[in-house]
Amino acid sequence: MKHRALIFWGIVALAVAVSAIAWDRLPDPMDSHWNARGEADDTISKFWGLALMPLVLSAMVLIAVLIPKIDPLNKNIELFRKYYDGFMLMLLLFMLVVHVFLVLWNLGTRISPNAIFPPALAALFYAVGVLCGAAKRNWFIGIRTPWTLSSDTVWDKTHQKARVLFKAAAFLILAGSFIGEYAVYVLLAVIIPLVIYLVVYSYLEYRREQHAHA
């Protein structure tokens, strides 16, 4: 685990380095939010603009390291540990991309967020699909409904569904990146039904299992 933690903390160090290098060249306040058309529509102070993401990344690393130690089912986590670590690496890199984008935009490199974030989110969704395909029942990672947490069978069936659906969603989100300002609507149209479906599916599978044992 030590080398994994070093890699995670290395990403935090990169975010800190980006903030430190850019500090003197950035405006105060900084653009910090963009609408569906990719236009900046809100600001944040320079201090928080540069400090917030390193702090968030630090918290994420602490959580990533802590979860396998405190989960009552940590032996199950060890069964898919490499997939968990791989996903956390992808998530941290995604957040680093957000930070670098924020800095570059405010330095004058105005790349549209609609060209950056949909492909990055697509990669992250694909990583979720990979993780779901390997995840075993635990209290922190995966599709945690009352029904998946109550049955290994329901957990496995739900996560195999999630594996396929999240990977398919990744390609839909990637395709949505080619329609500019409507990309955010594609994202919402994919995420909301997917989440609802998996919750309902886990409930129905649990009911089916209970009837089979009755």
Side-chain angles (χ1 to χ4, degrees), residues 1-16 18 52-101 116-145 147-149 152 154-177 186-188 190-199 201-202:
M1 178 58 207
K2 186 177 292 186
H3 72 281
R4 300 164 184 159
L6 287 174
I7 293 172
F8 293 167
W9 285 116
I11 294 172
V12 176
L14 281 174
V16 172
V18 168
L52 184 59
M53 192 58 73
L55 289 172
V56 170
L57 283 166
S58 297
M60 290 171 64
V61 171
L62 289 173
I63 292 170
V65 172
L66 191 60
I67 282 175
K69 296 180 179 180
I70 66 173
D71 194 307
L73 296 172
N74 56 8
K75 290 183 179 179
N76 282 355
I77 292 179
E78 291 304 320
L79 296 176
F80 65 97
R81 184 61 180 271
K82 69 177 182 179
Y83 295 98
Y84 168 69
D85 289 336
F87 171 73
M88 289 307 305
L89 178 61
M90 286 289 293
L91 183 58
L92 292 169
L93 287 173
F94 173 80
M95 300 304 287
L96 180 63
V97 167
V98 173
H99 186 53
V100 171
F101 169 83
I116 299 295
F117 293 127
L121 281 169
L124 192 59
F125 266 63
Y126 194 88
V128 172
V130 172
L131 177 63
C132 285
K136 302 301 179 184
R137 188 163 60 94
N138 69 93
W139 288 94
F140 289 98
I141 306 157
I143 313 301
R144 301 175 314 284
T145 69
W147 311 289
T148 57
L149 292 173
D152 283 321
V154 175
W155 175 282
D156 290 339
K157 286 183 176 180
T158 301
H159 282 74
Q160 288 309 308
K161 284 284 185 182
R163 175 181 65 87
V164 175
L165 291 174
F166 273 102
K167 288 182 178 180
F171 288 104
L172 290 174
I173 292 169
L174 184 61
S177 67
V186 173
L187 179 63
L188 293 174
V190 168
I191 292 176
I192 295 173
L194 188 157
V195 171
I196 293 173
Y197 173 80
L198 289 173
V199 171
Y201 177 84
S202 69

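Keep in mind it's a predicted model, so treat the numbers as computed, not measured. In this chain, residues are counted from 1 in sequence order. Just so you know, these numbers use all the heavy atoms, side chains as well, and skip hydrogens, waters and symmetry mates.
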At their closest point, which heavy atom of [X] faces which heavy atom of [Y], and how far apart are they?
X      : Y      : value
Ile143 : Thr158 : CG2-CG2, 4.0 Å
Thr145 : Ser202 : OG1-OG, 3.0 Å
Glu78  : Pro68  : OE2-CB, 4.3 Å
Ala5   : Val65  : CB-CG2, 4.4 Å
Met90  : Ala127 : CG-CB, 4.0 Å
Met88  : Phe8   : CB-CZ, 3.9 Å

For this session: Report the C-alpha distance between Asp85 and Leu89 in whole Å, list the side-chain angles of each, state the deciding distance to 0.1 Å, and finish with yes or no for side chain to side chain contact (heavy atoms under 4.5 Å, CB included).
Result: CA-CA 6 Å; Asp85 289 336; Leu89 178 61; over 6 Å; no
For this session: Let me know which of Phe171, Tyr126, Phe125, Tyr197 forms a ring-ring contact (aromatic ring centres under 6.0 Å, His included) with Phe166.
Result: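 Considering Phe171, Tyr126, Phe125, Tyr197, a ring-ring contact (aromatic ring centres under 6.0 Å, His included) with Phe166 is found only for Phe125.
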Can you tell me how far the [atom1] atom of [X] sits from the [atom2] atom of [Y], to the nearest 0.5 Å?
X      : Y      : atom1 : atom2 : result
Ile116 : Leu121 : CD1   : CG    : 11.5 Å
Asp156 : Cys132 : CG    : SG    : 12.0 Å
Phe140 : Asn74  : CZ    : CG    : 10.5 Å
Arg4   : Arg81  : CZ    : CZ    : 5.0 Å
Ile63  : Leu66  : CD1   : CG    : 8.0 Å
Ile192 : Leu187 : CD1   : CG    : 9.0 Å

Please say which of [options] ends up in a side-chain contact (heavy atoms from CB on, under 4.5 Å) with [X].
X      : options                    : result
Val12  : Val61, Val56, Leu55, Leu96 : Val61
Leu194 : Leu198, Ile191, Ile196     : Leu198
Phe87  : Leu124, Ile141, Leu92      : Leu124

Exercise. If you draw a 6.0 Å radius around NZ in Lys167, do more than 12 non-hydrogen atoms from other residues or ligands fall strictly inside?
Worked result: yes
Exercise. With Arg137, which of Thr148, Asn76, Asp152 fulfils side chain to side chain donor-acceptor pair (under 3.5 Å)?
Worked result: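 Only one of Thr148, Asn76, Asp152 forms a side chain to side chain donor-acceptor pair (under 3.5 Å) with Arg137, namely Asp152.
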Problem set entry | Minimum side-chain heavy-atom gap Trp9-Leu62 below 4.5 Å | yes
Exercise. Taking the six-membered ring for Trp, are Trp155 and His159 parallel (under 30°), tilted (30 to 60°) or perpendicular (over 60°)?
Worked result: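 Trp155 and His159: parallel rings.
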Exercise. Counting only N and O atoms by type, is there a donor-acceptor contact under 3.5 Å from the side chain of Tyr84 to the main-chain atoms of Ala135?
Worked result: no
Problem set entry | N/O donor-acceptor pair under 3.5 Å between Asp71 side chain and Trp139 backbone |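 Flag set: sc Asp71 to bb Trp139 pair under 3.5 Å.
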